[in-house]
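Below you'll find the structure, written out as structure tokens, and then a few comments.
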Amino acid sequence: MYRIRFHGRGGQGMKTASRILGTAFFLQGYEVQDAPRYGAERRGAPIFAYVRASKDPINERGIISQPDLVIVADDSLVPVPGAGVISGIDAHTVLLINSDEDPDTWKQRLNFNGSLFTLPVETEARAELRFIGATCTGAAARLLGVISRDALTQAIRQELAELGDAIVEENLSRALSAFGLMEAHAGTVNAGSVVSAHDYQRPQWVDLPFDQARISAPAIHAAATSIAVKTGLWRTMRPLIDYEHCNRCWWVCSTFCPDGAINVDDEGYPHIDYDHCKGCMVCVAQCPPHAIASIPEQDAQAADNEEARA
Amino acid sequence: MTRKLLTGNGAAAWGARLSASDYIPAFPITPQTEIIETLAGWIDNSDLDARLVTLESEHSMITAAAAAASTGVRVFSATSSQGLLYGMEMLYTVAGWRSPFVLVNVSRGLASPITLGPDHNDIMAARDSGFLQIHCATCQEVLDSTLIAFRLAEHTRVRLPVIVNLDGFYLSFTREPVDIPDSKLARQYVGDYDAENIRFRASAPLSQAVAVLGGSPYSYFRYESHLAAQDSLEIYHEVTEEFNQLFGRQYDAIDCYRSDDADYVFVMMGSFATKAKEAVDQLRDTGFAIGLLRPRLMRPFPAQIFQQLLACKKGVAVIDQNLSMGMGGVLHSELAASLYGQAHAPPLLMSYIGGLGGRDISSEEFFEIASELRLSAEQGKTPPPRLLYTKTELREVRKLQAVAHVERQDLDEGNTHE
Ligand code: SF4
Ligand code: SF4
């Protein structure tokens, strides 16, 4: 059985990516299981999706703890502990990372000796935000080696049909060029085996101790904890106020911001708290003189770094 | 018939569509919402000729469902977790009306703390309501069970509402290949709803009253519902047999996997039971004669069938994905009650709590249960109920508690984050 895990952020299309791959397997005659997995978070929060494919009926369910292929659509997730990107990977696992950095850098960083591929920046296949899912899926399909170009094409047409022809074609061209890019590595991914009852690693089982309610009640008593949670990390797009055009209207942006992330100073100018702005772009849509631009967070961060260096 | 990848939610919606539901009262809740979204989409596109109404709560939704069923139309509805509990008063109430309809519940653990992951405490809370309960393990089963549920609910000897249960995430959001039955054949199977003496018609005002009664007549009506629920086991056999003839899929009240020649047996319900199948295969490879019994019916409880299937087994491990505080697993208790005093009942009936709030049950956990099962059988002793938890998991919880502790101290010292 193939066990594949997609990692990305809410809004980057990981569910769709897993469905495209699932459908491609299905069209190729496999039994399939695909599913997204997320909590109560929204856009930008780490999510993962998984695909299982086998020639036999699938009885496994839920989390894939030992993946054959891990696809990381957003490399900024690798160091986020909660994202669990590297959980359960071993020498047998193939890693595919959408990243500007080269495979060797990643191997060193992760202390990983197995097969690792990046979707390089120079080529057409470099995943742009909107097409990350399709691009990664195209590359993954080729790395698996058992999915034909036709099955991939048909799967994309099927899964994205509702979005209209133009978007389908755009996704298709990204996916197919990524598919082509991995040609030399077709079939690198090997289907893994099941955990055998003969020789498995026995977890250390414990009996839960009795704790008094003062410890075991699921409550956190503390003030202003939401300030400590940097929800700004969820952002994929960044709102940027152009103060030349801001006419200090009546602070529409600050009123509409659902996260209270815009404060107005004494002179009536709005300031965005990027530690907590989740990048919903409501302010961008509401600003009467269109003084707030939206730019991809990745680009904004690159510019920040540039500035810091200079 | 088409074979397609469908989520459990999609499969439930197809079940409602193929049984030609007329009225769908709805209220959204994660992880059920996709069911009503799908149905609403079909109604908009004229793929489904039904009326969908969004109510202001599950309490009203269940009232509307039963009220509509009392006019003799076919009713489908769906909810989950806190929603099911919010409608609980009406669940008990409308079951007594004896107006049949089908309610899908997408299982999700209950607060507190809050979780989105599945377990069966929500559906177990509806155990004594008078609704019959069918529990599913695959997306295919969700679709098929919805059709079967209408046959069962509307049968003249039953006339009780039925809940079809599927696990959140593991089925609700998981796509699997599903055979979508031919719609004509499905209609033929479900048939028309013969509402008998249930009659409300336009322009013919009537009232349906439920009286306030003393204990004696009250007992009569309550016990009649119980008899109908018990009797429905036979009807279940009939309607699933017929289903098998038409569609080639057999849904016994208890799904048996390699249990005939087994000495030991796992018993569990819901989608995690397919993981148990996998573990059974692995354990069989090591020469351990173990099998699996998965009750599809929780109400009526197939006690006699359990008695037959478990006769002369050496040991049974019940894995409950629910927890009755101060007692333990509900399925374990019910099975114990069914087996007590029966000739050839297995001498060992162990209890495990697993998969609460969607916590994974790993192969290793099944293997551990199997080895404890063997050991206890050899020693002739039944160990106390157990939640298998790993040291790593406990360490993670301790970390969270340490964070909470620091916050608490900060607060006590008058510090804030500002
Ligand atoms: S994008 Fe604008 S409205 Fe949205 S959270 Fe950020 S500042 Fe607030
Ligand atoms: S809504 Fe636009 S113009 Fe008004 S204060 Fe905000 S940025 Fe300035």
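Just so it is clear: chains get the letters A, B, ... in the order the sequence lines come, proteins before strands, and each one is counted from 1.
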### Task
Answer with yes or no whether the side chains of Asp360(B) and Tyr170(B) bring together a donor and an acceptor at under 3.5 Å.
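Tyr170(B) vs Asp360(B): no donor-acceptor pair found between side chains.
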
### Contact winner vs chain B - Asp34(A), Val194(A), Leu208(A), Thr23(A), heavy-atom pairs under 4.5 Å
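Sorted descending by pairs with chain B, the first entry is Asp34(A).
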
### Query
Do you know which of Gln204(A), Arg61(A), Gln33(A), His198(A) has the most heavy-atom pairs under 4.5 Å to chain B?
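Winner by heavy-atom pair count: Arg61(A).
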
If I measure from the heavy atoms of chain A, does [X] come under 4.5 Å with its side chain, its backbone, both, or neither?
X	answer
Gln401(B)	side chain
Arg398(B)	side chain
Thr174(B)	both
Ser371(B)	neither
Thr115(B)	neither
Ala137(B)	backbone

Tell me, side chain or backbone of [X] under 4.5 Å from chain B's heavy atoms, or both, or neither?
X	answer
Pro57(A)	neither
Ile215(A)	both
Gln158(A)	neither
Arg19(A)	both

### Query
Hey, does His92(A) have a side-chain heavy atom less than 4.5 Å from the side chain of Asp68(A)?
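When only atoms from C-beta onward are counted, His92(A) and Asp68(A) do touch, with a gap below 4.5 Å.
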
### Message
Distance check, rounded to the nearest 0.5 Å: Gln140(B) atom CD versus Arg3(B) atom CZ?
### Response
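Going from the CD atom of Gln140(B) to the CZ atom of Arg3(B) covers 8.0 Å.
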
### Query
With a cut-off of under 6.0 Å to the ring centre and 45° to the axis, is Arg249(B) in cation-pi contact with Tyr251(B)?
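The answer is no, since Arg249(B) fails at least one limit relative to Tyr251(B).
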
Inspect the contact between [Y] and [X] and indicate whether a charged nitrogen and a carboxylate oxygen are less than 4.0 angstrom apart.
X	Y	answer
Glu159(A)	Arg175(B)	yes
Glu365(B)	Lys275(B)	no
Arg258(B)	Asp281(B)	yes

